[in-house]
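This report refers to the structure that appears directly beneath it.
Keep in mind the model is a prediction, meaning the values are calculated, not measured. Counting convention: from 1, in listed order, for ligands and their atoms alike. Excluded from the calculations below are hydrogen atoms, water molecules and symmetry mates; all remaining heavy atoms, backbone and side chain alike, are included.
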Amino acid sequence: MTVTPAIAGADVVDESAGVRIAEVSRVLGVPMPTLRSWERRYDIPASAREPGKHRRYSPAELHSLRLMRDQIARGMPAHTAALTVRGLLGAAGPAADLISEILLAATRSDPSAVQEQLTSAHRVLGLARCLDDVLMPAMQQVGEWWATGRCDVDQEHLATEATRAWLETLTASAPPPADPTPIVLACGPSDLHTIGLEALATLLRYDRRACRVLGARTPVPAVLTALHASAADAVVIVSHLSNGRARAIESIRAAHHAGALVFYAGNAFTTPRSRRNLPGTYLGTHLEQASHLISDQLLSRTTRAAGSH
Ligand code: B12
C-alpha cells in the first residue's frame with residue numbers, strides 16, 4: 001500500500017459534522033479498505049462504531065488517522081505507527097494539559113507563554129519528562145497542524161524559536177560538567193532539524209556531561225575537526241529526513257573510523273532497514289533513554305580503559 005505524506009493545506013476539510021469514510025479516504029489519500037483495517041487491527045481511531053449506522057469520523061478521529069498516515073509515510077511498519085499514534089494521542093494528565101497550553105500559545109503567536117508552559121512542565125515533571133512528554137510531542141503536533149493547514153508557518157517558526165531559546169536559557173544555568181571532555185552533537189550534513197539534538201544536549205548537561213553542539217547541516221570534516229580539537233571520544237549524529245540519511249551515514253562512518261563512540265537518532269533511522277550495517281548505537285526515540293545509553297557506554301569504555309592499565 002502506498003501512503004503519501006501530508007502536503008501543507010491539502011487535506012483541510014469541514015469536519016464539524018463528522019465525515020464519511022469515502023470523504024476521509026479522498027482527503028487523506030488513503031484507500032477505504034486500509035482505513036477499515038487500521039480500525040480493525042490497530043484500533044485507530046479508537047472509538048467504536050454504532051451498530052447499523054454509517055460511520056462518521058469526528059475531527060479527533062480524523063486527526064488520529066492523519067497521524068497514522070504520516071507515520072507510515074515515514075517508513076514505519078503499521079503496528080509501530082499505531083503505537084506511536086497512541087503515544088501521541090494518549091498523553092494524559094499534566095503532560096496533555098501542558099501540550100495543549102503550548103499549542104494554544106503558539107496559535108496566539110505568544111512566545112513568552114510557550115516558554116512559561118515549558119518552565120511549568122520542567123517544574124512539575126522534571127527535565128527528562130518535560131522534554132520527552134511535553135516539548136517533543138508539542139513540536140510534533142505543531143508540525144502536524146502546519147501540515148494540515150491548522151496553523152501557519154509563522155506560528156510553527158514561533159514555536160520552534162521559543163522552544164530553542166528556552167533550551168538555551170536552561171543551558172546557561174546547567175551545573176558544571178564532571179569531566180571537561182565533551183560529547184560532540186551534530187545534525188547530518190543535510191539536516192536542519194536541531195531541536196531533538198539540542199534537547200538531548202540540555203539533558204546531558206544537567207547530567208553533568210560537557211557537550212559541544214555543532215548544530216544544523218554539519219559537514220563531515222567539521223565533525224572530525226571537532227572530535228580532534230576537543231579530544232572528544234563520543235559523537236551523536238541526528239538526521240530526520242530520509243533523503244538526508246546517506247550523508248548522515250557518511251558522518252557516522254567517518255566518526256567511527258576516527259575511533260569515536262558513535263550514537264545516532266532521528267526519523268531517518270526509525271526503520272530497522274535504515275540502520276542495517278551501521279556502526280554505532282541507535283538511540284531510539286526518547287531522550288531520557290538516549291542519555292542513559294550514552295552514559296552507560298561511556299562508563300563501560302572508561303572501565304575497560306582502566307582495566308587495561
Ligand atoms: C521545526 C520544524 C522545522 C524547522 C527546524 C528548525 C530547527 N532548528 O529544528 C525548519 C523550518 C528549519 C524545518 C525545515 C524543514 N522541514 Co521540518 N519540521 C519541523 C517540525 C515542526 C518540528 C521538528 C521537531 O523538532 N520535531 C520534534 C521531533 C523531536 O519529533 P520527530 O521529528 O517526530 O522525532 C521523533 C524521533 O525521531 C525522536 N527524535 C527526534 N530527534 C531526536 C534526537 C535524539 C538525540 C533522539 C534520541 C531522538 C530524537 O523523537 C521523536 C519522538 O518519536 C516537524 C514536525 C514533526 N512532526 O516533527 C517538521 C518536519 C520534521 N519537517 C518536515 C519537512 C518536510 C521539512 C522541510 C523539507 C520543509 C521544506 N519544504 O523546506 C525542511 C527540511 C529542512 C532540512 N533540510 O532538514 C516534515 C518531515 C516529513 C518527513 N518526510 O519525515 C515534518 C514531519 C513536518 C510534516 N508534518 O510534514 N522544519
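The atoms of ligand 1 that sit less than 4.0 Å from any heavy atom of Arg164 are 8 (N). Close approach of ligand 1 to Ser190 is summarised as follows: ligand atoms under 4.0 Å from at least one heavy atom of the residue are 76 (C), 77 (N), 78 (O). Atoms of ligand 1 found under 4.0 Å from any heavy atom of Ala265 (numbered from 1 in listed order, with element): 44 (C), 45 (C), 46 (C), 47 (C), 48 (C). Heavy-atom proximity to Ile195, at under 4.0 Å, picks out these atoms of ligand 1: 9 (O), 25 (O). Against a heavy-atom cut-off of under 4.0 Å, Gly196 is close to the following atoms of ligand 1: 41 (N), 42 (C), 43 (C). Close approach of ligand 1 to Gly143 (heavy-atom distance below 4.0 Å) involves ligand atoms 21 (C), 55 (C), 89 (N). Per-residue contacts place Gly266 under 4.0 angstrom from the following atoms of ligand 1 (heavy atoms of the residue considered): 37 (O).
Applying the side-chain hydrogen bond (donor to acceptor under 3.5 Å, both in side chains) test to residues at least two apart or on different chains, the pairs with a partner in residues 101-127 are Thr119-Trp166. Note on residues 185-207: pairs passing ring-ring contact (aromatic ring centres under 6.0 Å, His included), not counting sequence neighbours, are His193-His240.
Residue Leu287 places a heavy atom under 4.0 Å from ligand 1. Residue-ligand proximity: Glu198 is placed with every non-hydrogen atom at 4.0 Å or more from ligand 1. The shortest separation from a heavy atom of Gln289 to ligand 1 is not under 4.0 Å, leaving the residue out of contact.
Under a 4.0 Å N-O distance rule, the pair Glu161/Arg164 qualifies as a salt bridge.
Put simply, the side chain of Thr270 gets close to the backbone of Asn267: a donor and an acceptor are under 3.5 Å apart. Here the side chain of Ser25 pairs a donor or acceptor atom with the backbone of Val30 at under 3.5 angstrom. With Arg212 contributing its side chain and Leu185 its backbone, the two residues share no donor-acceptor pair below 3.5 Å. In this structure, Glu23 contributes its side chain and Arg20 its backbone to no donor-acceptor pair below 3.5 Å. No donor-acceptor distance shorter than 3.5 angstrom exists from the side chain of Arg205 to the backbone of Ala210, with no hydrogens or angles considered. Using modelled atom types, no side-chain atom of Asp207 and backbone atom of Arg209 make a donor-acceptor pair closer than 3.5 Å.
For the atom pair CG of Leu197 and CG of Leu287, the computed distance is 10.0 Å after rounding to the nearest 0.5 Å. From Thr285, atom OG1 reaches atom CG of Asp132 across 8.0 Å, with rounding to the nearest 0.5 Å. Distance check, rounded to the nearest 0.5 Å: CG of Leu261 to CZ of Arg301 gives 4.0 Å.
The shortest N or O to N or O distance between His286 and ligand 1 is not under 3.5 Å. The shortest N or O to N or O distance between Asn267 and ligand 1 is under 3.5 Å. Taking distance alone, with nitrogen or oxygen atoms compared against 3.5 Å, Asp191 stays at or beyond that limit from ligand 1. When only interatomic distances are considered, the shortest N/O to N/O separation between Leu192 and ligand 1 falls below 3.5 Å. Checking only distances, Gln140 does come within under 3.5 Å of ligand 1, N or O to N or O. Among the atoms of Thr160, none of the N or O lies under 3.5 angstrom from an N or O of ligand 1. Of the polar atoms of Thr194, at least one N or O is found under 3.5 Å from an N or O of ligand 1, judged by distance alone.
Between atom 61 (C) of ligand 1 and the options His193, Glu156, Gln71, His240, the minimum heavy-atom separation is to His193. When the heavy atoms of Ala290, Ser291, Gly284 are ranked by distance to atom 48 (C) of ligand 1, first place goes to Gly284.
Using the six-membered ring where Trp is involved, Tyr282 and Tyr264 have ring planes that are tilted, between 30° and 60° apart.
For Thr270, no heavy-atom contact with ligand 1 is shorter than 4.0 Å. Contact annotation for Leu200 and ligand 1: only side-chain heavy atoms (C-beta onward) come within less than 4.0 Å of the ligand.
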